[in-house]
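Numbers restart at 1 for each chain; the letters A, B, ... are given by sequence-line order, proteins then strands.
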There are 2 protein chains.
Amino acid sequence: MSSTHLSIGDLSRATGTKVETIRFYEKNGLLPQPGRTEGNYRAYEPAHLNRLSFIRRARDLGFSLDQVRALLTLSDDRSQSCAAVDVIARAHRDEVERKIKDLQSLKVVLDQVIESCHCNIVADCAIIESLAPTPEAS
Amino acid sequence: MSSTHLSIGDLSRATGTKVETIRFYEKNGLLPQPGRTEGNYRAYEPAHLNRLSFIRRARDLGFSLDQVRALLTLSDDRSQSCAAVDVIARAHRDEVERKIKDLQSLKVVLDQVIESCHCNIVADCAIIESLAPTPEAS
DNA sequence: GCTTGACCCTATAGCGACTATAGGGTGTAT
DNA sequence: ATACACCCTATAGTCGCTATAGGGTCAAGC
């Protein structure tokens, strides 16, 4: 492979992305199709590396692939208003915030449930009891 | 359907579980196969309703289906030590704790990224910039 | 020149936990 | 008789990969 072209393995090592994942991004329209060598190997330009790095950073920040796609499209048109970018980022942050709150209240319940168990056998287990709905009734 | 038997729709309404999900639980061995009516409709006993309620409560607490399966097996053998129940519950709580921490540090970064954007066009957008890796270099 | 081994290719199936769809049968009320 | 709610099975889709099968390519060493 020529000095300016990168193999899929090069991109993989440079970004810590599995080779299969890179092909997956290509198939799903996140990464443009690169040229090919005579032996049908993908031959990437530096621009591909930048784009893949962008994708990985956005994914690390928890953006969905749809959101990444939108961010990529926006970043390609650099004259556009960045209000749309802000909307996506804020929506994602709100979602993260919501998940934190959900998990925190979940943890409160789990703590209670675990704390309540001082027994030896399942028949008396407060954890199981807290799951089972009045097993004798209904 | 007789007075003591419940249709899948009855179970659905009683537990807030979609009909398809109930069939899914049956196919995946969480809910035992019920008897059938002459017209081949599922005919559930009250015990099925209890079991489904158990599954839904455990799922609401975020236990995986594998964990729910294990909890169900344990709760069926009521003479067993409940130490195994405790292990599952604690493992799940630890996982929830870890997720909360991960999301909290994620939110810190997202807050920074969003806060840093005071621009009008994408070319100057700090959010995009924080994702794009030195676009001119490399 | 031939083999070894690292790398690459495509196509397809699997994960978890459902959800949706297609294409039908059943049961009851009017 | 027919409309309608409800039920049935089987299969495919969701998300973001990951793994597998079954091959082809390329450089190095013998």
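An OP1 or OP2 oxygen of C:dG25 is reached within less than 4.0 angstrom by no side-chain nitrogen or oxygen of B:Arg36. Between A:Arg42 and C:dC8, a side-chain N or O to OP1/OP2 separation shorter than 4.0 Å is absent. Side-chain nitrogen and oxygen atoms of B:Lys27 include none within less than 4.0 Å of the OP1 or OP2 phosphate oxygen of D:dA10. Here B:Tyr25 reaches the OP1 or OP2 of C:dC18: one of its side-chain N or O atoms lies under 4.0 Å away. A:Ser7 has a side-chain polar atom (N or O) that falls below the 4.0 Å cut-off from OP1 or OP2 of C:dC8. For B:Thr37, no side-chain nitrogen or oxygen approaches OP1 or OP2 of C:dT26 to under 4.0 Å.
C:dA20 atom P lies 14 Å from atom CZ of B:Phe24, rounded to whole Å. Here D:dC8 presents its C1' atom at 12 Å from CD of B:Glu20, a figure rounded to the nearest Å.
Salt bridge annotation for B:Asp102-B:Lys99: absent, with no cationic side-chain nitrogen under 4.0 angstrom from a carboxylate oxygen. A salt bridge does not link B:Arg98 with B:Asp94: none of the charged nitrogens is closer than 4.0 Å to a carboxylate oxygen. Between B:Asp66 and B:Arg69 a salt bridge is recorded (basic side-chain N to carboxylate O distance below 4.0 Å). Using a 4.0 Å cut-off between charged side-chain N and carboxylate O, B:Lys107 and B:Asp111 make a salt bridge.
Here the side chain of A:His92 pairs no donor or acceptor atom with the backbone of A:Ala89 at under 3.5 angstrom.
Between A:Arg23 and A:Arg42 there is a side-chain heavy-atom pair separated by less than 4.5 Å. The shortest side-chain heavy-atom distance between A:Tyr25 and A:Thr17 falls under the 4.5 Å cut-off.
One can find a donor-acceptor pair under 3.5 Å joining the base of C:dG25 and the side-chain atoms of B:Tyr41.
Looking at every heavy atom in both residues, A:Leu65 comes nearest to A:Arg59 through CD2-CD, 3.3 Å.
For A:Val19 and B:Thr21, each mapped to the nucleotide of DNA chain C holding its nearest heavy atom, the one lying further toward the 5' end belongs to A:Val19.
Contacts of residues 93-105 of chain B with DNA chain D (heavy atom under 4.0 Å): none. Contacts of residues 59-68 of chain A with DNA chain D (heavy atom under 4.0 Å): A:Arg59, A:Ser64, A:Leu65.
Residues in residues 11-20 of chain A take part in these salt bridge (charged side-chain N to carboxylate O under 4.0 Å, His left out) pairs, two or more places apart or across chains: A:Asp10-A:Arg13.
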